[in-house]
There are 2 protein chains.
Amino acid sequence: MLSIGDLSKRTGVKVPTIRYYEQMGLLSAAERSEGNQRRYERQDLERLAFIRHARDLGLDISAIRELIALSQHPHQPCGNVDRIASEHLKSVRDKIEKLKKLEQELERIVSHCDGDHAIEDCYVIRSLSDHGLCDGEH
Amino acid sequence: MLSIGDLSKRTGVKVPTIRYYEQMGLLSAAERSEGNQRRYERQDLERLAFIRHARDLGLDISAIRELIALSQHPHQPCGNVDRIASEHLKSVRDKIEKLKKLEQELERIVSHCDGDHAIEDCYVIRSLSDHGLCDGEH
DNA sequence: TTAGATATCTCCAGAAACTATAGGTTTGGA
DNA sequence: TCCAAACCTATAGTTTCTGGAGATATCTAA
């Protein structure tokens with residue numbers, strides 16, 4: 001039996017966050033010690049690792065709740081699971097695209113600034129003020 | 001003189017967001033009409049465009065506040081301006097790296113799932129549960 | 001000029017996913 | 001047995017907005 005602190009150390013999820021996940025219904029309410037402290041088992045460790053992993057992947061809490069619910073009806077076809085993951089893949093790709101544009105623009109802005117002239121002539125400030133100096137859309 | 005609605009239409013920033021920026025000290029308190037409604041001038045339009053552009057680039061409010069403060073001392077050298085933009089560029093690059101790893105992992109997950117078998121065999125669920133199945137770190 | 005529609009005002013609450021604090025109780029090791 | 005560390009609950013704060021309620025102002029058309 002693990003305390004909440006043990007669980008935290010093993011998964012890297014902070015203690016208040018574990019309690020928060022319980023409150024959000026991602027973890028079922030843990031057993032309690034005589035003194036009312038949470039006690040966990042291996043299953044809970046796995047569940048929390050699942051949640052953490054999914055959060056790292058950027059899935060939001062409702063998507064994770066959905067996946068957990070699906071995984072508890074194991075004889076259903078897994079089309080929905082595939083759908084959730086595919087949707088998420090799309091959104092990750094969108095994010096990458098947007099960030100790449102930002103990267104280009106910031107590179108361009110920074111490369112014009114040698115850090116050694118007066119602010120009134122600074123390209124960073126000028127280009128932030130004037131969208132017309134940008135190469136692309138954003 | 002522009003109303004807050006005009007300003008909103010011209011910049012694409014929603015009305016409550018403009019008021020929020022004023023509250024956060026990014027926009028100075030606007031002049032008021034006799035009936036206490038905000039009235040803006042061209043300068044305010046430019047300032048708001050600057051803020052919007054910087055937000056689009058992902059700079060947070062405190063960074064923007066810093067840039068605005070710096071831009072009000074136009075004869076100082078612009079090293080700090082460069083620093084803020086460079087730091088942000090670095091964090092954008094980090095995010096891109098992380099998201100690319102996620103993209104690969106999700107691709108791998110989705111490609112294993114044809115949406116047509118039972119959940120108990122589904123690779124999505126298995127690999128989310130078991131971090132050991134991942135290719136890389138995240 | 002006046003009625004009615006639209007825009008604005010302030011203040012407050014909510015969304016997401018935590019994080020932190022306060023004040024009190026339990027546990028585990030010397 | 002004692003005390004520090006960990007735990008408990010409840011509540012508030014974080015960030016960047018967004019939306020609503022209820023009251024007031026402004027604009028337009030008749």
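Letters A, B, ... are given to chains in the order of the sequence lines, protein chains preceding strands, and every chain is numbered from 1. Since this is a predicted model, take the numbers as computed values, not measurements.
The minimum heavy-atom distance linking R55(B) with I61(B) is given by the pair CD-CG1, 4.4 Å. Heavy atoms only, all atoms of each residue included: I68(B) and L26(B) are closest at CD1-O, 3.7 Å. Closest approach of L2(B) and R10(B) over heavy atoms only: CD2-NH2, 3.5 Å.
Between dT10(C) and R38(B), a contact under 4.0 Å exists linking OP1 or OP2 to a side-chain N or O. Between T17(B) and the phosphate of dT16(D), there is no side-chain N or O to OP1/OP2 separation shorter than 4.0 Å. Checking the phosphate oxygens (OP1, OP2) of dT15(D), no side-chain nitrogen or oxygen of Y20(B) falls inside 4.0 Å. Contact annotation: Y21(B) reaches the phosphate of dC17(D) (side-chain N/O to OP1 or OP2, under 4.0 Å). At the phosphate of dC17(D), OP1 or OP2 sits under 4.0 Å from a side-chain N or O atom of R55(B). A close approach under 4.0 Å does occur between a side-chain nitrogen or oxygen of S33(A) and OP1 or OP2 of dT27(C).
Separating the CE atom of M24(A) from the C1' atom of dT19(C) is a distance of 14 Å, rounded to the nearest angstrom. Following rounding to the nearest Å, I4(A) (CD1) and dT19(C) (C1') show an atom-to-atom distance of 14 Å. Rounded to an integer number of Å, the gap from I18(B) CD1 to dC17(D) P is 12 Å. Rounded to a whole Å, the CD atom of Q23(B) is 13 Å from the C1' atom of dT15(D). Atom CZ in R52(A) sits roughly 10 Å away from atom P in dC18(C) (whole-Å rounding). What separates CD1 of I51(A) from P of dA16(C) is a distance of 18 Å, to the nearest Å. The interatomic distance linking Q37(A) (CD) with dA5(D) (P) rounds to 16 Å, in whole Å. With rounding to whole Å, E22(B) atom CD is found 14 Å from dT8(C) atom P.
Here dC7(D) is the nucleotide among dA17(C), dC7(D), dT9(D) with the atom lying nearest to any side-chain atom of V15(A). When distances run from any side-chain atom of K14(B) to the nucleotides dC8(D), dG19(D), dA17(C), the shortest one goes to dG19(D).
Heavy-atom distances to DNA chain D give each of R39(B) and S3(A) a nearest nucleotide, and the one nearer the 5′ end belongs to S3(A). Looking at which nucleotide of DNA chain C each of G35(A) and R19(A) is closest to, the 5′-most match is held by R19(A).
With salt bridges taken as basic N to acidic carboxylate O contacts below 4.0 Å, none links E103(B) and K90(A). A salt bridge links E66(B) to R83(B): at least one charged side-chain nitrogen sits closer than 4.0 Å to a carboxylate oxygen.
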